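Naming: A, B, ... by sequence-line order, numbering from 1 per chain. Only a predicted model underlies this, so the values are computations on that prediction, with no experimental measurement involved.
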Amino acid sequence: MLDIQQLRKDLPTAVAGLARRSVVFDEAQFRALEDERKKRQIETEELQAKRNAASKQIGIMKAKSEDTTAVMAEVAGWGDIQKANEVALGELQEKLNLFLRQIPNIPHADVPAGKSELDNVEVRKWGTPKTFDFTVKDHVDIGEALGGIDFDTAAKLSGARFSVLRGGVARLHRALAQFMLNTHTLEHGYTEVYVPYMVNDHCIDGVTDLEKFRDDGFKIEGRDMYLIPTAEVPVTNFVRDQIVDIKDLPMKYACHSPCFRAEAGSYGKDTRGMIRQHQFDKVEIVQIVTPENSVAAHEELVRHAEAILQKLELPYRTMLLCTGDIGFSSAKTYDLEVWLPAQNTYREISSCSLFEAFQARRMMARFKNAQGKTEYLHTLNGSGLAVGRTLVAVLENYQNADGSVTIPTVLVPYMGGMTKLEVPK
RNA sequence: GGAGAGGUGGCAGAGUGGUCGAAUGCACCAGACUCGAAAUCUGGCGUACGGUUUUACCGUACCGUGAGUUCGAAUCUCACCCUCUCCGCCA
């Protein structure tokens, strides 16, 4: 949510900022709502003050056993007027609130202008894609040959866009999650957390727009609860409705969880394989920081995600998303794209976003600054990494001519010393 | 799922219709005393929204949430949510 005080003070800057991401801010509607709200609010509060004074007067008079009939007669009708005022004011404020909550974040100044992912800017590239002296297979063929990926059984159980993993591939999937979690907690200073996978709607609305989420999320039948689309939701909401102590900052959390997404809009894309699933695992890293530290924290966080790819020796590039491609709540986002030999291209494996105070305002997440004043926190997060897609990348980049897959060196201890997944005879 | 108890400021805890945004204690901040610290004393110490003459003053709201009764609700009524204890079920 944008800062309404800021909008009142300097609307043109906000409008121009939103225009960069092709969002048309309805100035006329905003001004009309604001004017009406101001008028109604002053009116309502003045009458309320009058009534409060009169009621207090009655109390004092009664204490002295004076006659109060005259005052009470005067006040008699005010209650109904007041109630009507309050209802009208409440409706206006609700309208204004809804209006504001549907407006996305303003892109950070250094986010490049652009319409789609085609306009994203590559900021750095790491590693060189390996050349193969045989025809490469994609992860589906590799995994099925290993007896490790089974989409047919998954379809029988749950339908399309689910997978069943078996044996060494299933263990490799687990090894990846463990490795990521250990790296972030032992080397990058994050605290491991375990969280609920079902959350209430306040949590969703705290990090993104609940209305927009309804199409993409899974709601629990008969309850006001959703399956989490990412651990960002429960973890960021740790600080909802809180004023945290500055000495507890920065907060850095790493969380391994499954993620559930309906992705209603993306049918037809990536239908083959494990790239786009209704359920996938992810190790999420979240930071909650003071405003002056957030830009530096964002750069640091991207490097933490990159470190995983480097240790796995997977070639990748870091993309700065353009104004047309950043998410609703984000002010600035880096995507990490890993090299997939079978697709002969880089594919998204992590998204690291800086939200500034956008989520904090929605969540009422604040801290007391050095001067003792309450201020909104800044929140940021990133995938460190998406486990399913990392599994895909490992299978494809480490495949051998005979169909076997070499285990990346850093994962060998997590695989109980195993160095290769072999095709069963 | 059943029965009972309860939800008040950072925490503990008083307050059962009227100068209550709320006693008191703890914690915290500033000052005094001290070489320094402790102890003691003095003062301060919620949040949101709004207005204005905009580091200040004033107003409004907030005692789990929502509705109701009343001139007036933390206090009375109803519904809901949550927590705790016991029972049942259970990895």
Side-chain angles (χ1 to χ4, degrees), chain A residues 1-11 30-101 194 196-206 210 220 222-226 234 237-249 251 258 288 357-377:
Chain A
M1 184 161 58
L2 299 180
D3 182 0
I4 191 162
Q5 324 254 19
Q6 199 57 41
L7 291 179
R8 286 200 272 253
K9 216 186 293 169
D10 182 9
L11 191 55
F30 177 71
R31 288 224 161 84
L33 276 171
E34 257 295 281
D35 289 346
E36 181 68 15
R37 186 229 95 227
K38 187 165 169 173
K39 213 181 95 197
R40 254 280 143 64
Q41 183 159 355
I42 292 172
E43 210 176 288
T44 304
E45 291 185 355
E46 275 176 357
L47 180 59
Q48 184 70 275
K50 250 171 81 182
R51 195 192 67 172
N52 285 348
S55 291
K56 193 173 249 183
Q57 186 61 27
I58 291 169
I60 293 166
M61 289 169 79
K62 285 218 165 168
K64 295 182 195 156
S65 8
E66 290 173 25
D67 180 32
T68 59
T69 48
V71 194
M72 281 174 74
E74 198 196 337
V75 178
W78 293 359
D80 292 335
I81 302 171
Q82 192 52 24
K83 213 152 278 174
N85 276 343
E86 272 170 21
V87 169
L89 180 63
E91 279 170 6
L92 272 170
Q93 281 172 331
E94 189 51 31
K95 250 191 212 165
L96 202 52
N97 192 32
L98 279 175
F99 177 87
L100 275 180
R101 280 188 169 259
Y194 171 82
Y197 301 151
M198 296 180 220
V199 294
N200 59 38
D201 48 10
H202 298 288
C203 290
I204 303 287
D205 208 47
L210 182 62
I220 312 290
R223 287 178 187 263
D224 274 337
M225 288 209 148
Y226 298 85
N237 273 277
F238 281 7
V239 291
R240 174 155 53 89
D241 292 323
Q242 278 213 307
I243 300 177
V244 305
D245 202 315
I246 193 165
K247 64 173 187 279
D248 293 329
L249 299 173
M251 295 180 181
I288 293 156
F358 189 86
Q359 295 182 327
R361 264 182 236 111
R362 298 173 88 88
M363 290 192 297
M364 289 295 279
R366 294 149 297 165
F367 73 104
K368 280 228 190 288
N369 67 19
Q371 288 76 44
K373 274 191 74 176
T374 52
E375 228 183 304
Y376 286 109
L377 290 160

Whole angstrom value for the distance that separates P of C71(B) from CD1 of I81(A): 14 Å

Set of residues satisfying salt bridge (charged side-chain N to carboxylate O under 4.0 Å, His left out) with respect to D248(A), sequence neighbours excluded: none

Pairwise C1' distance for C49(B) and C90(B), with rounding to whole Å: 48 Å

Between G17(B) and A3(B) - P atom distance, rounded Å: 31 Å

P spacing across the pair C78(B) / C89(B), given as an integer number of angstrom: 34 Å

Minimum side-chain heavy-atom gap F358(A)-L2(A) below 4.5 Å: yes

Watson-Crick or G-U stems of RNA chain B, 3 or more pairs, under 3.5 Å, by first number: B:1-7 with B:81-87, B:10-12 with B:24-26, B:28-32 with B:40-44, B:46-52 with B:56-62, B:64-68 with B:76-80

I243(A) CD1 to C28(B) C1', straight-line distance once rounded to whole Å: 14 Å

Which residues share a side chain to side chain donor-acceptor pair (under 3.5 Å) with D10(A), sequence neighbours left out: T13(A)

Residue S55(A), side-chain heavy atoms: nucleotide from G18(B), U47(B), G51(B) that is nearest: G18(B)

Test log, rule side-chain contact (heavy atoms from CB on, under 4.5 Å), inputs Q41(A) and Q93(A): CA-CA 9 Å; Q41(A) 183 159 355; Q93(A) 281 172 331; 3.5 Å; yes

Nucleotide A48(B), atom P - distance to CD of Q5(A) in whole Å: 10 Å

Nearest-angstrom distance, C1' atom, G25(B) to C80(B): 34 Å

Minimum-distance nucleotide (side-chain atoms of R366(A) versus G21(B), U47(B), C49(B)): U47(B)

Check: residues 199-206 of chain A side-chain donor-acceptor pairs under 3.5 Å, at least two apart:
unit_1: N200(A); atom_1: OD1; unit_2: H202(A); atom_2: N; d: 3.2
unit_1: N200(A); atom_1: OD1; unit_2: C203(A); atom_2: N; d: 3.2
unit_1: D205(A); atom_1: OD1; unit_2: L210(A); atom_2: N; d: 3.1
unit_1: D205(A); atom_1: OD2; unit_2: R101(A); atom_2: NH1; d: 2.4

Pairwise side-chain contact, M1(A) with N97(A), heavy-atom cut-off 4.5 Å (strictly under): yes

Shortest side-chain distance from K38(A), nucleotide among G51(B), C71(B), U47(B): G51(B)

Sequence-distant partners of Y376(A), side chain to side chain donor-acceptor pair (under 3.5 Å), two or more places apart: none

Set of residues satisfying side chain to side chain donor-acceptor pair (under 3.5 Å) with respect to E43(A), sequence neighbours excluded: none

Shortest side-chain distance from K83(A), nucleotide among G51(B), C71(B), U69(B): U69(B)

Span that lies between the P atom of A61(B) and that of A22(B), in whole angstrom: 13 Å

C1' spacing across the pair U40(B) / U54(B), given as an integer number of angstrom: 41 Å

Nucleotide-resolved protein contact map, nucleotides 57-65 of chain B, B/S/- at heavy-atom distance under 4.0 Å: --BSS----

Gap between atoms CZ and C1', on R37(A) and C49(B) respectively (whole Å): 8 Å

Pairwise P distance for G59(B) and G68(B), with rounding to whole Å: 27 Å

K56(A), nearest nucleotide to its side chain (from U47(B), G21(B), C71(B)): G21(B)

Touch class at under 4.0 angstrom, heavy-atom based, for K9(A) against every strand present: nothing

Rounded C1' spacing from U24(B) to G15(B) in Å: 11 Å

E34(A): salt bridge (charged side-chain N to carboxylate O under 4.0 Å, His left out) partners, not counting sequence neighbours: R8(A), R37(A)

Interatomic distance where CG belongs to D241(A) and P belongs to G10(B) [whole Å]: 12 Å

Residues that Q48(A) engages under side chain to side chain donor-acceptor pair (under 3.5 Å), provided they are two or more places apart: R51(A), E86(A)

